[in-house]
Amino acid sequence: NHEANQERSSSNTKQPSLSIISNDTALKITDKLVLSQFDEIIKHYLRIKDGFVATNGIEARIGAEGILNTLAHIDSLKFTNAQLNFFKNEVEVIKENALQIKNNTDILKQRSYFNQLSQSTFFLFKNLGCEKKLYYDFCPMANDNKGGYWISENEEIKNPYFGDEMLNCGEIKGNIN
């Protein structure tokens, strides 16, 4: 069981599947083009995260638009049926939440979609793979004390839910690679 199973948000947006968390290689993508596209998604996701850390909603919106554009060009013909099913489920949640971040100008509203975006992005890469070492961080005080997850590329905690108000609040809960 993964701790995120207990941390689902009560918003109306789709929830991450949370059903498969595996270190097994059955779902891992090996195609280099797809993995490079996954790296692009990570780059745009980190732009959202860094925008929230800096309390900069414009940067978050640009990152969300980048995720949406990159997802539109993923070559899913290179996936097995199992990979494709998992990909579609997580990407639906990622797209919905990235679109909400892109379309909102209020940073508090944008941040309200970040937890689900982060969970699905983590589960996508944890199960299908990526080439970067990533950390899965958690702040228990985010989202009205329901908690909130995010992905970072280093061990230093920089909380995107509160920006400089509580920059170092959080802990590492997992990693990829």
Side-chain angles (χ1 to χ4, degrees), residues 4 7-18 29 33-76 86-139 142-144 146-154 157-167 169-170 173-174 176:
E7 302 299 331
R8 290 188 163 191
S9 170
S10 61
S11 76
N12 292 331
T13 57
K14 284 205 154 281
Q15 298 290 323
S17 73
L18 308 177
I29 300 284
L33 174 61
V34 173
L35 288 172
S36 73
Q37 291 172 319
F38 281 5
D39 282 348
E40 280 296 303
I41 294 169
I42 292 166
K43 179 182 85 173
H44 296 301
Y45 171 89
L46 292 171
R47 187 167 189 174
I48 296 171
K49 190 260 308 170
D50 292 341
F52 287 153
V53 167
T55 313
N56 184 334
I58 293 170
E59 282 298 307
R61 291 177 73 196
I62 293 168
E65 185 170 4
I67 285 176
L68 293 167
N69 289 339
T70 303
L71 285 173
H73 295 96
I74 298 265
D75 186 358
S76 60
F86 187 83
F87 178 79
K88 284 181 176 178
N89 288 336
E90 296 307 323
V91 164
E92 188 177 335
V93 178
I94 291 168
K95 283 181 178 177
E96 184 175 326
N97 287 284
L99 189 62
Q100 291 296 330
I101 291 168
K102 177 184 171 244
N103 290 339
N104 278 287
T105 56
D106 178 334
I107 196 157
L108 294 178
K109 194 121 175 110
Q110 289 175 317
R111 282 178 172 150
S112 72
Y113 296 99
F114 189 60
N115 186 48
Q116 289 180 0
L117 175 74
S118 297
Q119 287 183 34
S120 281
T121 302
F122 175 78
F123 297 127
L124 179 73
F125 295 131
K126 183 72 173 175
N127 286 283
L128 297 184
C130 70
E131 294 185 312
K132 292 185 178 282
K133 172 123 178 139
L134 299 170
Y135 298 90
Y136 194 46
D137 303 329
F138 178 75
C139 171
N143 300 310
D144 295 322
K146 294 176 197 160
Y149 288 90
W150 72 94
I151 299 167
S152 61
E153 56 189 340
N154 55 53
I157 297 293
K158 292 205 175 179
N159 189 323
Y161 291 99
F162 296 106
D164 61 2
E165 291 176 25
M166 297 180 69
L167 188 60
C169 179
K173 290 289 193 177
I176 302 172

| message | To the closest 0.5 Å, what do you measure between CG (L46) and NZ (K49)? | response |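 L46 atom CG to K49 atom NZ measures 5.5 Å (nearest 0.5 Å).
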| said: Given K158, which partner from the list D164, D137, L167 fulfils the side chain to side chain contact (heavy atoms under 4.5 Å, CB included) test? | reply: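 Only match with K158 under side chain to side chain contact (heavy atoms under 4.5 Å, CB included): L167.
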| task | Using side chain to side chain contact (heavy atoms under 4.5 Å, CB included) as the criterion, point out the one residue from I67, N97, T121 that pairs with I48. | result |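 Exactly one candidate clears the test, I67.
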Could you check whether any side-chain N or O of [X] sits under 3.5 Å from a backbone N or O of [Y], counting only pairs where one atom can act as donor and the other as acceptor?
X: D144; Y: K146; value: no
X: Q110; Y: G57; value: yes
X: R61; Y: T105; value: no
X: Q37; Y: H73; value: yes
X: N104; Y: D106; value: no
X: S118; Y: Y149; value: yes

Does the side chain of [Y] come within less than 4.5 Å of [X]'s, by heavy atoms?
X: K132; Y: I176; answer: no
X: I101; Y: F52; answer: yes
X: L128; Y: V34; answer: no
X: I151; Y: Y136; answer: yes
X: F87; Y: N127; answer: no
X: Y135; Y: I157; answer: no
X: N115; Y: Y161; answer: yes

| said: Walk me through whether Y113 and L99 qualify under side chain to side chain contact (heavy atoms under 4.5 Å, CB included). | reply: CA-CA 9 Å; Y113 296 99; L99 189 62; over 6 Å; no
| field | Ring centre gap for F114 and Y45 strictly below 6.0 Å | value |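 Centroid separation for F114 and Y45: below 6.0 Å.
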| said: Run I94 and L117 through side chain to side chain contact (heavy atoms under 4.5 Å, CB included) and show every step you take. | reply: CA-CA 5 Å; I94 291 168; L117 175 74; 3.7 Å; yes
